[in-house]
Every structure is written in C-alpha cells, then in structure tokens.
Amino acid sequence: MITGASDRPSLEAQVLDRINFVRQHPREYADELREYRRYFEGRLLYLPGDDNGVITNEGVDAVDDAIDFLERQTPLPPLRRGDLLELAARDYADEQGSIGTSGHLSSDGASPGDRVRRLGGDIYVGEGISYGLDRADAIVRQLIIDDGVRGRGHRALLFNAGYRYAGVGCGGHRRFGYMCVVDMSGTINGSPALPQWAGKRDAQPFGMSHSKR
C-alpha cells in the first residue's frame, strides 16, 4: 500500500508528538540541541540549505540555557489530546492569523481560559504560541529554547508537571507566515484539577495559573 499525503499525521499531531518526546526524553533532546548549536556564528543561525541565516536575540546562550535545563529535567508523562483544547487552539490560530496580530489576547480581550470556557470548558489553561515556523521540530525547538523571552515561559509551559492534556492549532499568519497555538491543562477541558486524594463530594478543587508570553 502506498502512503499518500492524506495518510500523514497533521502538523498539529506532529507538534504534540514532538512535545511528548521532549517531555519523556529531555536528556536525549539536549543532545539534539548540542548538534543544533553548531550552526551558529555569533547571533546568526545558518541551518543547512539556508545561506542567508537568521538573526537570533541571544545566539548560543539561549541554546546552552535550554541544554542545561534539559539535563536537570525529570522525564514527564506524555500529554493526551484534548478535543476542547484543540478546538480553542485552532479557533485562535484562525482568528489571529487572519488579522496578523500576536500575543495571547483575542481582539475582544479574551484570554486562553476565556476562549476554552466559551466552548464549554473552564479557565485553567496555559498557552504557548510559535510564530513563523511550519515544521513540528522547529516549532517545538523555538518554544523550548525561548530565545529572547524573559523567564522562558514557553519552556516552563511545556514542562509543567501539572499539565496532562493539550490541544494544538496551526495555520497561516498574515504577518509571520505561519503560527501554531498550544493550549494545555491539567484536565481535558480546562476545569480545575483535583488532588489525587480528593474523592469526597465536599473536596475543594485547586487551579493552575495561566502561563503566558
């Protein structure tokens, strides 16, 4: 049987698979970044086949910071796909991509949690967004290295041990060419996560705060 383009995993599925690989094998991914850092000349990145290069904010410093983080990171369970989270991510990619803006607030001021709640879920959602890339490996690498991002919030999002579900939405972007939204939560629909001991009817839930750029 010949495998055609229609049989290939979607970009969203590839991004989630790549995130899960990195969460489960952080030290192995650190080795991949060591190979990646060889393509830097100062702040310029020259990947194979790209003679023009790309200017980064920090050069290898951000890569080395990511490698150090990954070497100390405990492996985490893979994220399961959440339909509601995926729908919210896809909707936001469509909305923002069509007008060419950036950031985590919708044109009406809605936050990631607001967008999930409008679909029937709740507000306990973290969100990471990649701009300008349309390959799963490059998208996830951008989020993990977090070049120029104070606090490395996207990296922290992907390695948040409290998150168990994710939804990914990717599409064209009027300004950056492409974008990819990753919405994550401790529950399948963004509702508050319960501690493991909570099983009684009067147990009170606890939530997780947003992780934004």
Side-chain angles (χ1 to χ4, degrees), residues 5 8-73 75-76 78-79 89 92-93 96-104 126-160 163 166 168-184 211-213:
R8 298 171 189 160
S10 66
L11 178 59
E12 287 87 354
Q14 293 177 45
V15 169
L16 184 56
D17 285 346
R18 191 63 172 159
I19 291 172
N20 282 335
F21 171 81
V22 176
R23 278 173 61 98
Q24 294 175 92
H25 309 284
R27 290 176 180 82
E28 188 172 336
Y29 190 68
D31 289 337
E32 292 189 26
L33 290 187
R34 288 190 182 91
E35 176 67 19
Y36 172 75
R37 81 184 299 282
R38 297 193 308 108
Y39 298 110
F40 280 84
E41 295 182 13
R43 291 171 54 207
L44 286 172
L45 171 65
Y46 292 97
L47 289 173
D50 181 11
D51 295 330
N52 295 321
V54 176
I55 299 177
T56 65
N57 292 292
E58 302 175 62
V60 296
D61 288 348
V63 182
D64 288 341
D65 182 65
I67 291 171
D68 181 63
F69 172 90
L70 292 163
E71 288 289 355
R72 295 180 284 107
Q73 173 63 40
L76 296 173
L79 298 166
Y92 192 48
Q96 193 175 83
S98 65
I99 57 180
T101 56
S102 61
H104 296 277
E127 182 174 90
I129 305 177
S130 163
Y131 295 97
L133 302 169
D134 60 0
R135 289 179 49 194
D137 58 341
I139 289 166
V140 175
R141 184 170 60 217
Q142 182 188 63
L143 294 173
I144 290 174
I145 293 176
D146 238 3
D147 175 52
V149 178
R150 182 179 300 177
R152 313 297 189 198
H154 300 98
R155 182 193 304 165
L157 178 84
L158 297 190
F159 287 97
N160 187 321
Y163 289 143
V168 183
C170 305
H173 190 278
R174 188 171 181 178
R175 177 181 174 192
F176 299 114
Y178 216 79
M179 67 177 292
C180 197
V181 180
V182 182
D183 284 343
M184 299 171 61
S211 175
K212 295 183 181 179
R213 196 166 189 173

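Any value given below was found using the heavy atoms of this structure, including those in side chains, with hydrogens, waters and symmetry copies removed.
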According to side chain to side chain contact (heavy atoms under 4.5 Å, CB included), who are the partners of [X], at least two apart in sequence or on a separate chain?
{"X": "S98", "value": "none"}
{"X": "E32", "value": "R18, F21, Y29"}
{"X": "N52", "value": "D50"}
{"X": "Q73", "value": "P26, F69, L76, F159"}

Under the side-chain hydrogen bond (donor to acceptor under 3.5 Å, both in side chains) test, residues paired with [X] that sit two or more places apart:
{"X": "R150", "result": "none"}
{"X": "R34", "result": "D31, E71"}
{"X": "D68", "result": "R72"}
{"X": "D64", "result": "R37"}

So [Y] and [X], do their side chains get closer than 4.5 Å, heavy atoms only?
{"X": "V140", "Y": "V22", "answer": "yes"}
{"X": "V182", "Y": "I129", "answer": "no"}
{"X": "Q24", "Y": "P78", "answer": "yes"}

Indicate the atoms forming the closest heavy-atom contact of [X] with [Y], along with that distance.
{"X": "R152", "Y": "D65", "value": "NE-OD2, 3.1 Å"}
{"X": "V168", "Y": "E12", "value": "O-CG, 3.0 Å"}
{"X": "D183", "Y": "E127", "value": "OD1-OE2, 2.6 Å"}
{"X": "S130", "Y": "I139", "value": "CB-CG2, 3.7 Å"}
{"X": "A66", "Y": "L33", "value": "CB-CD1, 3.8 Å"}
{"X": "A136", "Y": "V15", "value": "CB-N, 3.8 Å"}

Donor-acceptor pair, side chain of [X] and main chain of [Y], under 3.5 angstrom:
{"X": "D147", "Y": "A62", "value": "no"}
{"X": "Q96", "Y": "Y92", "value": "no"}
{"X": "R155", "Y": "I145", "value": "yes"}
{"X": "E58", "Y": "G148", "value": "yes"}
{"X": "Q14", "Y": "P9", "value": "yes"}
{"X": "R43", "Y": "T56", "value": "yes"}

Scan the side chains in residues 170-177 for donor-acceptor partners under 3.5 Å anywhere in the protein, sequence neighbours excluded, and list what turns up.
unit_1	atom_1	unit_2	atom_2	d
H173	ND1	R175	N	3.0
H173	ND1	F176	N	3.0
H173	NE2	T101	O	2.6

(message) Can you list everything that forms a ring pair (Phe, Tyr, Trp, His ring centres under 6.0 Å) with F40? Sequence neighbours excluded, please.
(response) Y36
(request) Under the ring pair (Phe, Tyr, Trp, His ring centres under 6.0 Å) rule, collect the residues that match up with Y39, sequence neighbours excluded. (result) none
(request) Quick one: list whatever passes salt bridge (Lys or Arg N to Asp or Glu O under 4.0 Å) with D134, sequence neighbours left out. (result) none
(message) To the closest 0.5 Å, what do you measure between CG (L11) and CZ (R135)?
(response) 10.5 Å
(request) Please check if atom CZ in R27 has more than 12 non-hydrogen atoms from other residues, nucleotides or ligands closer than 6.0 Å. (result) yes
(request) Look at atom CD1 of I99 and say whether more than 12 heavy atoms of other residues, nucleotides or ligands are closer to it than 6.0 Å. (result) yes
